[in-house]
Protein chains: 2
Amino acid sequence: MDEIPGQTYLADCRARAAFDLLGNTWSPVVLWALRDAPRRPGALRTRIGGISAKVLTETLRRLEHNGLVERCSYPESPPRVEYALTPLGRTLLPALETLGVWGSRHGDAVLAAQDRAEESPR
Amino acid sequence: MDEIPGQTYLADCRARAAFDLLGNTWSPVVLWALRDAPRRPGALRTRIGGISAKVLTETLRRLEHNGLVERCSYPESPPRVEYALTPLGRTLLPALETLGVWGSRHGDAVLAAQDRAEESPR
DNA sequence: CAGCATCCCGGCAGATACTG
DNA sequence: CAGTATCTGCCGGGATGCTG
């Protein structure tokens, strides 16, 4: 991270790439739901829960556009569509897990801080 | 926020807390700029670069509201204001660094994928 | 220099209905 | 079941100007 002399924490820096990719509400969730195996959109929706079909396809398109996810359509009967992580997308999984662990561990503290901030002297 | 029984990669889950906190464009950058020592807003602006005063205060307010950053005003002459990471905010630094390292390492691959995706169907 | 008030814009996300 | 097309609301972010 300190490879870039004196500017690593600045606004324009490749170190921010991950944040831009994961900044959308559903991108991390979808990536995480794909971590074991390729999935069909319907299966993703069931697995994730609370995401609309439109938003799911939008998210998948975005991930595909960024090279993190691959779309595979199989001309069978009935036709089948699956989405899978690319090798690049797979390199992101450890970082995702790190953040997930942090959330599980400190999520309560964040909620507590929010409550504190909202109750106190408005 | 509904609570859905099930596994940790679902939509509503404390594992997503970190993404909600860092989902804003500038939150990660500001946190990272605060990692060594408390800073004054002016110093932060210079250090970060490319952030407007308004957006910086908004970001700091949000981080403060979430318990990641603390605002300290010193009644000196001239009056001084500093922002510092809270202990909770400091626990986030390793995860930030993980993502930063990923970006430095794979940012180019993402850019390449984007270029590829934008040239082909056009 | 800190910070707030306004106006504006664009993108994310949700709901709904429709096509193959 | 996969995917698209509208329409809508919300919020983050930028620009500018004003106050203490």
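Side chains are part of it too, since the values below use all heavy atoms of this structure and drop only hydrogens, waters and symmetry mates.
- Among the nucleotides dA15(D), dG14(C), dA2(C), the one closest to any side-chain atom of Lys54(B) is dA15(D).
- The distance from atom CZ of Phe19(A) to atom P of dC12(C) is 18 Å, rounded to the nearest whole Å.
- Comparing the helix axis at one end of the helix from dC1(C)-dG20(D) to dG20(C)-dC1(D) with that at the other, each defined from 5 consecutive pairs, gives an inter-axis angle of 30° (nearest 10°).
- Close to dA2(D), at under 4.0 Å from its OP1 or OP2, lies no side-chain N or O of Tyr74(A).
- Considering only residues two or more places apart in sequence or on other chains, Arg39(B) meets the salt bridge (charged side-chain N to carboxylate O under 4.0 Å, His left out) condition with Asp36(B).
- You'll find the side chain of Thr86(B) stays beyond 4.5 Å of the side chain of Glu64(B), heavy atoms only.
- Side-chain atoms of Val81(B) and Tyr74(B), non-hydrogen and from C-beta on, never get closer than 4.5 Å to each other.
- Distance Ile51(A) CD1 to dG3(D) P: 13 Å, rounded to the nearest Å.
- Within 4.0 Å of Arg61(A), counting heavy atoms only, lie sugar-phosphate atoms of the nucleic acid but no base atom.
- If you take CG of Leu56(A) and P of dA15(C), they are 14 Å apart, rounded to a whole angstrom.
- In this structure, Arg39(A) places its CZ atom 16 Å from P of dC1(D), rounding to the nearest Å.
- Arg40(B) places no side-chain N or O within donor-acceptor distance of the main-chain N or O of Arg80(B), the cut-off being under 3.5 Å.
- Distance CH2 (Trp26(B)) to C1' (dG14(D)): 11 Å, rounded to an integer number of Å.
- Across dG14(D), dA13(C), dC1(D), the shortest atom-to-atom separation from the side chain of Val55(B) is found for dG14(D).
- Arg71(A) comes within contact range of the sugar-phosphate backbone alone, with a heavy-atom separation under 4.0 Å but no base atom that close.
- Proximity of Leu99(B) to Leu99(A): side-chain heavy atoms (C-beta onward) are separated by under 4.5 Å at one or more points.
- What separates CG of Leu60(B) from P of dC4(C) is a distance of 11 Å, to the nearest Å.
- The number of heavy-atom neighbours closer than 6.0 Å to CD of Glu58(A), taken from other residues, nucleotides and ligands shown, is above 12.
- In this entry the distance linking NE2 of His65(B) with P of dG12(D) reads 12 Å, nearest Å.
- Nearest nucleotide to the side chain of Thr57(A), out of dT4(D), dA2(C), dA2(D): dT4(D).
- Nucleic acid contact for Thr25(B): sugar-phosphate only, since backbone atoms but no base atoms lie under 4.0 Å from a heavy atom of the residue.
- For the pair Arg61(B) and Trp26(B), the cation does not sit on the ring face, since its NZ or CZ is not both under 6.0 Å from the ring centre and inside 45° of the axis.
- Atom CG in Leu22(B) sits about 15 Å away from atom C1' in dG12(D), given to the nearest Å.
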